[in-house]
Amino acid sequence: STSRFTASKGYTVNQVAAEVIVVPSESLPDSTVTISLNGFAPGEKISVWMDGAKISPVDLAADSTGSTSFQYKIPNGIKEGQKAVFSQGLTSGRTAAATHIIGAYSPAVVIVPEEAKAGENITISISGYAPNDNSIKYYLNNNDITSSVSGNILTNEAGELTVSYTLPVYLAGGIYT
């Protein structure tokens, strides 16, 4: 025999919250971050903004699980500080936000030896600059000596560079900057 009774019960399903994750959470200008997005509708196009400027590729879309990611190069010259990262699914309207911190470069210089005689060779090492920067200028008491230094003129991936320079033989004794 077949029963004619039915039963039902309300069941709550909680929507997965959309999220945007920026890795690393802090970076410097001219570095690359990975922006990962989760909790969007499968196949949905997604737009991402940083401080109001759209940064996502035109064809950015979630995969079959509602997730995607992309690489973003932080512009050189961007001001340091906290940046709001906002994402929105163009079909579902789901949104997610995160904060990304842009740090500042901290240039430093080391000269070896710390004291030298006129005509001697010194080594100038710099750090705290942007990676692959070939715009570094060298000065001795406000006189541009950039064309007289020897060595690679491009900072490495860590923003460091070492060059050598021969002090002019005619320099008088004293403190130079």
Side-chain angles (χ1 to χ4, degrees), residues 11-112 123-139 142 144-146 149 151-165 177:
Y11 184 74
T12 302
V13 176
N14 294 318
Q15 182 177 358
V16 174
E19 67 178 340
V20 58
I21 301 167
V22 184
V23 175
S25 60
E26 295 183 26
S27 66
L28 293 170
D30 208 32
S31 62
T32 300
V33 297
T34 299
I35 300 177
S36 300
L37 304 145
N38 303 299
F40 291 88
E44 161 174 51
K45 289 199 174 206
I46 304 168
S47 290
V48 181
W49 297 266
M50 181 180 284
D51 268 7
K54 188 173 179 183
I55 62 170
S56 54
V58 175
D59 59 349
L60 184 67
D63 63 16
S64 62
T65 67
S67 300
T68 190
S69 66
F70 67 98
Q71 302 280 309
Y72 176 67
K73 186 171 183 177
I74 303 295
N76 202 0
I78 190 171
K79 292 186 179 188
E80 67 182 287
Q82 290 190 358
K83 306 297 177 187
V85 179
F86 179 78
S87 60
Q88 181 174 22
L90 302 183
T91 305
S92 69
R94 288 184 178 183
T95 61
T99 300
H100 183 70
I101 299 171
I102 306 292
Y105 288 107
S106 300
V109 63
V110 174
I111 301 173
V112 176
T123 300
I124 305 166
S125 298
I126 63 169
S127 61
Y129 286 80
N132 305 310
D133 187 347
N134 66 353
S135 66
I136 307 298
K137 300 284 185 194
Y138 298 90
Y139 294 88
N142 295 322
D144 188 346
I145 61 167
T146 305
V149 298
N152 190 353
I153 61 165
L154 183 69
T155 58
N156 64 18
E157 289 297 320
E160 302 167 339
L161 175 63
T162 298
V163 296
S164 61
Y165 174 70
T177 57

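What you see is a predicted model; the values in this text were computed from it and never measured. Excluded from the calculations below are hydrogen atoms, water molecules and symmetry mates; all remaining heavy atoms, backbone and side chain alike, are included.
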request  = Using the test side-chain hydrogen bond (donor to acceptor under 3.5 Å, both in side chains), find all partners of S36 that sit at least two apart in sequence or belong to another chain.
outcome  = none
message = I'd like to check the side-chain hydrogen bond (donor to acceptor under 3.5 Å, both in side chains) partners of T65; sequence neighbours left out, ordered by chain and number.
response = D63
inquiry  = Keeping Y72 on the side-chain end and V22 on the backbone end, is there a donor-acceptor pair under 3.5 Å?
reply    = no
ask   = Can you tell which of V110, T162, I111 makes a side-chain contact (heavy atoms from CB on, under 4.5 Å) with T123?
value = T162
request  = Search all heavy atoms of Y105 against all heavy atoms of Y129 and return the closest pair with its distance.
outcome  = CE2-O, 3.5 Å
request  = Measure the spacing between CG of D144 and OH of Y139 and express it to the nearest 0.5 Å.
outcome  = 4.5 Å
Inter-residue atom distance I153.CD1 - K137.NZ, 0.5 Å rounding = 8.5 Å
request  = Just jot down the side-chain hydrogen bond (donor to acceptor under 3.5 Å, both in side chains) partners of S27, sequence neighbours excluded, or say none.
outcome  = H100
key: Gap separating the CZ atom of R94 from the CG atom of L37, nearest 0.5 angstrom   = 12.5 Å
inquiry  = Would you compute the distance between atom CD of E26 and atom OG of S31 and round it to the nearest 0.5 angstrom?
reply    = 11.0 Å
Pairing residues for S69 by the side-chain hydrogen bond (donor to acceptor under 3.5 Å, both in side chains) criterion, not counting sequence neighbours = none
request  = Could you tell me which residues satisfy side chain to side chain contact (heavy atoms under 4.5 Å, CB included) with P57, sequence neighbours excluded, listed by chain and number?
outcome  = D59, L60, F70
ask   = Minimum heavy-atom separation for G43 to A61, with atom names?
value = O-CB, 3.9 Å
message = Could you tell me if the side chain of L154 sits less than 4.5 Å from the side chain of L161, heavy atoms only?
response = no
query = Quick one: CG on D51 to CD1 on I102, what's the gap to the nearest 0.5 Å?
reply = 8.5 Å
query = Backbone N or O of V48 within a donor-acceptor pair of the S56 side chain at under 3.5 Å?
reply = yes
task = State, with a plain yes or no, whether a side-chain heavy atom of V16 is found less than 4.5 Å away from one of N38.
result = no
task = Please report the shortest heavy-atom distance between F40 and A62, naming the atom on each side.
result = CB-CB, 4.3 Å
request  = Identify the heavy atoms of T91 and E44 that sit nearest to each other, and give their distance.
outcome  = N-OE2, 2.8 Å
Side-chain heavy atoms of I35 within contact of I55, under 4.5 Å = yes
ask   = In Å, rounded to the nearest 0.5 Å, how long is the span from OG1 of T95 to CD of E19?
value = 12.5 Å
What donor-acceptor contacts under 3.5 angstrom involve side-chain atoms of residues 73-90, with partners at least two apart or in another chain?
| residue | atom | partner | partner atom | Å |
| --- | --- | --- | --- | --- |
| K73 | NZ | D30 | OD1 | 3.2 |
| K83 | NZ | K79 | O | 3.0 |
| S87 | OG | A96 | O | 3.3 |

message = Using modelled atom types and a 3.5 Å cut-off, is there a donor and acceptor pairing between side-chain atoms of T155 and backbone atoms of E160?
response = no
